[in-house]
Number of protein chains: 2
Amino acid sequence: MQITIDTEDHIPLFAQLVSQVKKAVLDGKLSSGDALPSIRQLANDLDLNNKTVAKAYSLLERDEVVQTKGYRGTYIHPEAKVNSAIDLNEWALAKLSDVTRALREAGVTDSEIRIAFTKTMTNHTHREN
Amino acid sequence: MQITIDTEDHIPLFAQLVSQVKKAVLDGKLSSGDALPSIRQLANDLDLNNKTVAKAYSLLERDEVVQTKGYRGTYIHPEAKVNSAIDLNEWALAKLSDVTRALREAGVTDSEIRIAFTKTMTNHTHREN
DNA sequence: ATATGTACCCCTAGATCAAAGGGTACATAT
DNA sequence: ATATGTACCCTTTGATCTAGGGGTACATAT
């Protein structure tokens, strides 16, 4: 498969990787069971840092577009085609948009909304990347 | 009425003002129709900036704890006692907490939640303080 | 030995924001 | 003239976040 990264682009590198893999799946250029290059391999080829590629891969795994088989490498997920069409982030955006609109209509200040938001994010026993 | 401000406290000055006025209303020390000191007057007494006091007053007005009558000054709102018990910010906190919990359970990253949040806040044609 | 994904630690460079203050100006009414 | 709330302008301080990188280590299996 072909992956091109534009370092000049304003879109984060890991995000470019993620969407390119998803696009390749939707276009049929990658299908269930296909092997992806290893993290270190791809990082080397594209002249990216390991962690940038690792981040993209872990996001793809969470979206079930990719399956990691430990030391055996990373492969396209059986349900990849379906899952590539689902955009978790857009759903999150919609959900948050609903709430903030309701809060604003109730007279809550933007500033207050932000403060309440960061409070929920810091209190809520955080881990994650 | 008595208002004491603790500059050393981690709680914002305007927030201290707001909660002290609400508390005074709940305790019956201030009741409907009572006049509050003017913004400039109170700022001078407490050695605060005008804008800090003005911010507190405008929040109190939004919460309908206080009523501003233009050049005639600021007075306690008829419904002040009821409205002093309502905490808009806690409600906002609860609402946001619900959504972020749902998003997290769906596998959305904290980072992604934050990004989606700021997107809703910036896109949504903002004004406000 | 070597390669796999993964999990930590630290760091930098930007951006954005809250809180508070400083200043100036305005219409309104006394 | 004076006082009222209000609406702008701009600034500083400190905090927090993203994206990205650097490094090191680990268990697993070939």
Side-chain angles (χ1 to χ4, degrees), chain A residues 5-18 35-44 46-62 66-75 89 109-123 126-129, chain B residues 5 7-18 35-44 46-62 66-75 89 109-122 126-129:
Chain A
I5 293 296
D6 183 2
T7 321
E8 308 302 317
D9 200 337
H10 63 284
I11 300 177
L13 307 179
F14 73 87
Q16 293 186 40
L17 258 183
V18 168
L36 269 72
S38 83
I39 288 178
R40 289 172 178 81
Q41 181 65 52
L42 189 56
N44 196 58
L46 301 178
D47 199 36
L48 298 178
N49 188 277
N50 288 348
K51 316 204 49 170
T52 304
V53 180
K55 184 173 184 178
Y57 273 31
S58 81
L59 285 173
L60 285 167
E61 194 187 15
R62 184 205 53 187
V66 133
Q67 227 174 4
T68 161
K69 306 196 172 182
Y71 67 98
R72 262 160 300 164
T74 304
Y75 299 84
N89 286 333
T109 294
D110 279 18
S111 174
E112 289 172 319
I113 295 178
R114 287 204 184 89
I115 292 170
F117 174 76
T118 54
K119 225 175 248 175
T120 69
M121 295 304 283
T122 51
N123 282 359
H126 52 135
R127 349 99 242 182
E128 300 263 12
N129 31 330
Chain B
I5 293 295
T7 321
E8 308 301 317
D9 201 337
H10 64 284
I11 299 176
L13 306 180
F14 75 88
Q16 293 185 41
L17 258 183
V18 168
L36 268 72
S38 83
I39 289 179
R40 291 172 178 81
Q41 181 66 50
L42 189 55
N44 197 58
L46 300 178
D47 199 36
L48 298 177
N49 189 277
N50 288 349
K51 316 203 51 168
T52 305
V53 179
K55 184 173 184 178
Y57 273 32
S58 82
L59 286 173
L60 285 168
E61 192 185 17
R62 184 205 54 187
V66 133
Q67 227 173 3
T68 159
K69 305 198 173 182
Y71 67 98
R72 262 159 301 165
T74 304
Y75 299 85
N89 286 331
T109 295
D110 278 18
S111 175
E112 289 172 318
I113 295 178
R114 287 204 184 88
I115 292 170
F117 174 77
T118 54
K119 224 175 251 175
T120 68
M121 294 305 283
T122 51
H126 53 134
R127 353 95 243 182
E128 299 265 12
N129 32 332

> Rounded off to whole Å, could you give me the CG-to-P distance for the A/Leu36 and C/dT4 pair?
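Answer to the nearest Å: 12 Å.
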
> What is the distance, to the nearest angstrom, from the CG atom on A/Asn50 to the P atom on C/dT4?
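In whole Å, C/dT4 P and A/Asn50 CG are 10 Å from each other.
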
> Rounded to the nearest angstrom, tell me the gap between atom OH in B/Tyr75 and atom P in D/dT4.
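Taking atom P of D/dT4 as the reference, OH of B/Tyr75 is at 10 Å.
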
> Please determine which of A/Leu17, A/Val18, A/Thr74 meets the side chain to side chain contact (heavy atoms under 4.5 Å, CB included) test together with A/Leu60.
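Testing A/Leu60 for a side chain to side chain contact (heavy atoms under 4.5 Å, CB included) against A/Leu17, A/Val18, A/Thr74 leaves exactly one candidate, A/Val18.
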
> Would you indicate, yes or no, if D/dT18 has its OP1 or OP2 atom less than 4.0 angstrom from a side-chain nitrogen or oxygen of B/Ser111?
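True: B/Ser111 side-chain N/O within range (under 4.0 Å) of D/dT18 OP1/OP2.
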
> Taking B/Ser38's backbone N and O only, do any of them form a donor-acceptor pair with B/Gln41's side chain (distance below 3.5 Å, no angle check)?
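No.
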
> Starting from C1' on D/dT6, measure out to CG on B/Leu59 and report it in whole angstrom.
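Interatomic distance, CG of B/Leu59 to C1' of D/dT6: 14 Å.
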
> Under 4.0 Å: is that the gap between some side-chain N or O of A/Thr68 and OP1 or OP2 of C/dT6?
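So the side-chain polar atoms of A/Thr68 do come within 4.0 Å of the phosphate oxygens OP1 or OP2 of C/dT6, strictly under.
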
> Go along nucleotides 20-30 of chain C 5' to 3' and tag each nucleotide: B for a protein heavy atom under 4.0 Å from its base, S when only backbone or sugar atoms are that close, - otherwise.
SSBB-B--BSS

> Indicate the atoms forming the closest heavy-atom contact of B/Tyr57 with B/Leu42, along with that distance.
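Closest pair (atom of B/Tyr57, atom of B/Leu42, distance): OH-CD2, 3.5 Å.
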
> Report the residues that fulfil side chain to side chain contact (heavy atoms under 4.5 Å, CB included) with A/Gln16, sequence neighbours left out, ordered by chain and then residue number.
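If we apply the side chain to side chain contact (heavy atoms under 4.5 Å, CB included) test to A/Gln16, skipping adjacent residues, the hits are A/Ile5, A/Asp6, A/Asp9, A/Ile11, A/Leu13.
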
> Going by side chain to side chain contact (heavy atoms under 4.5 Å, CB included), name the residues that satisfy it together with B/Asn44, two or more places apart in sequence or in a different chain.
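None.
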
> Figure out the CG/P separation between B/Leu60 and D/dG5, and round it to whole Å.
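Distance check: B/Leu60 CG to D/dG5 P gives 13 Å.
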
> Do B/Leu48 and B/Phe14 come within less than 4.5 Å of each other through their side chains, counting heavy atoms only?
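They are not in side-chain contact.
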
> Which whole-number value in Å describes the distance from B/Gln67 CD to D/dT6 P?
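To the nearest whole Å, that distance equals 12 Å.
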
> Rounded to whole Å, please give me the gap between NE2 in B/His10 and P in C/dA18.
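These atoms are roughly 18 Å apart.
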
> Just checking A/Glu61: base, sugar-phosphate only, or nothing, at a heavy-atom cut-off of under 4.0 Å?
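Since only primed, P, OP1 and OP2 atoms lie under 4.0 Å of A/Glu61, the category is sugar-phosphate.
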
> Tell me, please, which residues at least two apart from A/Ala116 pass side chain to side chain contact (heavy atoms under 4.5 Å, CB included).
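For A/Ala116 the side chain to side chain contact (heavy atoms under 4.5 Å, CB included) partners, ignoring immediate neighbours, are B/Ala92, B/Leu93, B/Leu96.
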
> Reckon B/Thr118 touches a base, only the sugar-phosphate, or nothing at all at heavy-atom distances under 4.0 Å?
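The answer is nothing, as B/Thr118 stays clear of every strand by at least 4.0 Å.
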
> Mind listing the closest non-hydrogen atom pair of A/Asn50 and A/Ile39 along with its distance?
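That would be O-CG2, 3.5 Å.
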
> With respect to the phosphate group of C/dT4, does any side-chain polar atom (N or O) of A/Ser38 fall under 4.0 Å of OP1 or OP2?
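Yes, such a contact exists.
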
> Please enumerate all residues that pass salt bridge (charged side-chain N to carboxylate O under 4.0 Å, His left out) together with B/Arg40, with sequence neighbours excluded.
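For B/Arg40, no residue satisfies salt bridge (charged side-chain N to carboxylate O under 4.0 Å, His left out) once neighbours in sequence are set aside.
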
> Output the pairing pattern of DNA chain D as a dot-bracket string, 5' first, Watson-Crick or G-U wobble with both distances under 3.5 Å, | for cross-strand pairs, [ ] for crossing pairs.
|||||||||||||||||.||||||||||||

> Counting only side-chain N and O atoms of B/Thr74, is one of them less than 4.0 Å from OP1 or OP2 of D/dG5?
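Yes, because at least one side-chain N or O of B/Thr74 sits under 4.0 Å from OP1 or OP2 of D/dG5.
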
> Atom CD1 of A/Ile115 to atom P of C/dC17: distance rounded to whole Å?
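In whole Å, C/dC17 P and A/Ile115 CD1 are 12 Å from each other.
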
